[in-house]
2 protein chains.
Amino acid sequence: MTEATPDRRGGRQLPTADELRIWRDFIETTAALGSRLESRLQSDSSLSTGDYAVLLALSEAQGQAMRSSELASHIGWERSRLSHHLGRMERRGLIRRQECATVPRGAEVLLTAAGAEAFKGATFPHLRAIRELFVDALTPDQVVAAGEIATALSAHLDALRAE
Amino acid sequence: MTEATPDRRGGRQLPTADELRIWRDFIETTAALGSRLESRLQSDSSLSTGDYAVLLALSEAQGQAMRSSELASHIGWERSRLSHHLGRMERRGLIRRQECATVPRGAEVLLTAAGAEAFKGATFPHLRAIRELFVDALTPDQVVAAGEIATALSAHLDALRAE
DNA sequence: ACCTACCAGTTGACATGTCAATGATGCTAA
DNA sequence: TTAGCATCATTGACATGTCAACTGGTAGGT
């Protein structure tokens, strides 16, 4: 890892001032974008983006039901996070849980009528907000670039995790 | 707003399937990136990124002290969020609060020796993590593009807020 | 002086997230 | 058989974030 040319890529430990400024802009702006989407969804439909992710997965599932751990890996959450979240959603009547007949200790998560209704009402305003806050902010080239950046970052994170 | 060509930009309400896929990749990846940085910082230094932001601002401030609301606007936090966070940091001995002599009702936030020490120890591993997780994942062109995307998104969010 | 409006900061209630520990159950190897 | 061991899901403790209400003090208009 140590090299004779410490300011070349691969031989440098720390980001340059420019890279650091870009990092800060990037991470703060994406966080702000996420929370704007969150509050738009909240005021349009009284759902959080977490609720929406769960309802979306269940809506698309066979029989509008999934095993808990299947759901967790589908939306990329830890099981404990999902379990807490499902408890809150169950209290609000958006989903139901019941023992799974086929899998020992498995819990089935079911979409309720109220949950399906809430999801249906939330979808259009949510997609519109994505367009207004994200797509409309960028040129078509920038949208493509954003996709490539996300792909590169994601692959890099996976590669580091695998080490 | 209504136009005769609903699939042209400006006449379309909803994102295309491609745009939506890119949106999901983008927002999920940036969130994952943030939480990886968070956990790296946590294990390297027992600080959160919130702690780090506060300590960074105080370290760079005159006399290593700032008024609470000045600090809040400097790092872009709501006052209540900062107040809660300062309470937690004060319990851990990283900062101190005292009445401000010059401003009525103003609270001064002071960096303690332990806080300065913690910040000093955290900086190098944190910057190294930014390089490893973000800069190293992208080509130089992509880093520049990420900066431009952040700038465009940020400007767009500001413009929408101003409406 | 008095009423009002604002300002800085705190607080409480609650939603959300992580981590570690705990049940409950099946699998496997001595 | 049974003693470990992995798996599925939940739980509790706690950190973090938002929102709205509150506290105390200052300033302006009448």
Side-chain angles (χ1 to χ4, degrees), chain A residues 28 31-43 45-54 65-92 94-110, chain B residues 28 31-43 45-55 65-110:
Chain A
E28 279 165 22
L33 178 59
S35 65
R36 282 286 274 279
L37 242 295
E38 183 82 49
S39 72
R40 281 279 295 254
L41 184 59
Q42 183 67 231
S43 54
S45 67
S46 296
L47 296 177
S48 68
T49 51
D51 298 334
Y52 188 84
V54 169
M66 286 177 91
R67 288 261 318 294
S68 176
S69 57
E70 199 187 342
L71 178 55
S73 69
H74 188 73
I75 61 182
W77 286 9
E78 294 181 13
R79 272 202 311 249
S80 116
R81 175 181 175 185
L82 180 61
S83 190
H84 282 299
H85 205 98
L86 291 179
R88 292 187 293 262
M89 291 181 74
E90 194 165 31
R91 278 205 302 278
R92 292 190 288 148
L94 298 171
I95 57 117
R96 235 166 10 93
R97 281 186 282 197
Q98 68 180 25
E99 299 246 332
C100 175
T102 64
V103 177
R105 287 307 315 149
E108 281 240 88
V109 184
L110 306 171
Chain B
E28 280 166 22
L33 177 59
S35 66
R36 283 287 273 281
L37 243 294
E38 183 83 49
S39 74
R40 281 279 296 256
L41 184 58
Q42 183 66 232
S43 54
S45 67
S46 295
L47 295 177
S48 67
T49 52
D51 298 334
Y52 188 84
V54 169
L55 295 178
M66 285 178 93
R67 286 265 317 295
S68 175
S69 57
E70 199 187 341
L71 178 53
S73 69
H74 188 74
I75 61 182
W77 287 10
E78 294 181 13
R79 275 202 316 261
S80 116
R81 175 181 176 185
L82 180 61
S83 188
H84 282 300
H85 205 97
L86 291 179
R88 292 187 294 263
M89 292 181 73
E90 193 166 32
R91 279 204 302 277
R92 291 190 288 146
L94 298 171
I95 57 116
R96 235 165 11 91
R97 282 186 281 197
Q98 68 180 24
E99 300 247 332
C100 174
T102 65
V103 178
R105 289 301 317 148
E108 282 241 88
V109 183
L110 305 171

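Lettering follows sequence order; numbering is per chain, from 1. Keep in mind that what you see is a predicted model, and the values were worked out from it rather than measured.
Note: CE (B:Met66) to P (C:dA8) measures 14 Å, nearest angstrom. One interatomic measurement links the two molecules: CD of B:Glu70 to P of C:dC7, which rounds to 17 Å at whole-angstrom precision. Between A:Arg67 atom CZ and D:dC8 atom C1' there is a gap of 7 Å when expressed in whole angstrom units. Rounded to an integer number of Å, the gap from CE of B:Met89 to P of C:dT10 is 14 Å. Distance A:Trp77 CH2 to C:dC19 P: 16 Å, rounded to the nearest Å. What separates CD of B:Glu78 from P of C:dC7 is a distance of 16 Å, to the nearest Å.
The distance from the NE2 atom of B:His74 to the CE atom of B:Met66 is 5.5 Å, given to the nearest 0.5 Å. Note that the CG atom of B:Leu37 and the CZ atom of B:Arg40 stand 8.0 Å from one another [nearest 0.5 Å]. Within the model, atoms CG of B:Leu86 and CD1 of B:Ile95 stand 4.5 Å from one another, a figure rounded to the nearest 0.5 Å.
If A:Leu82 and B:His85 are placed on DNA chain D by their nearest nucleotide, the residue sitting closer to the 5' end is A:Leu82.
Scanning for side chain to side chain contact (heavy atoms under 4.5 Å, CB included) contacts around B:His85 gives B:Ser48, B:Asp51, B:Trp77, B:Arg88, B:Met89, with sequence neighbours left out. Legend: residues meeting side chain to side chain contact (heavy atoms under 4.5 Å, CB included) with A:Ala65, ordered by chain and number and at least two apart, are A:Glu108, A:Leu110. Applying the side chain to side chain contact (heavy atoms under 4.5 Å, CB included) criterion to B:Ser45, with sequence neighbours excluded, gives B:Leu41, B:Leu47, B:Ala122. For the side chain to side chain contact (heavy atoms under 4.5 Å, CB included) test, residues two or more places apart in sequence or in another chain that qualify with B:Ser69 are B:Arg67, B:Arg79.
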Close N/O contacts between protein and nucleotides 11-15 of chain D (under 3.5 Å):
unit_1	atom_1	unit_2	atom_2	d
D:dG12	O6	A:His84	NE2	2.7

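Within residues 31-42 of chain A, no residue has a heavy atom under 4.0 Å from DNA chain C.
Within a 6.0 Å radius of CZ in A:Arg96, no more than 12 heavy atoms belonging to other residues, nucleotides or ligands are found.
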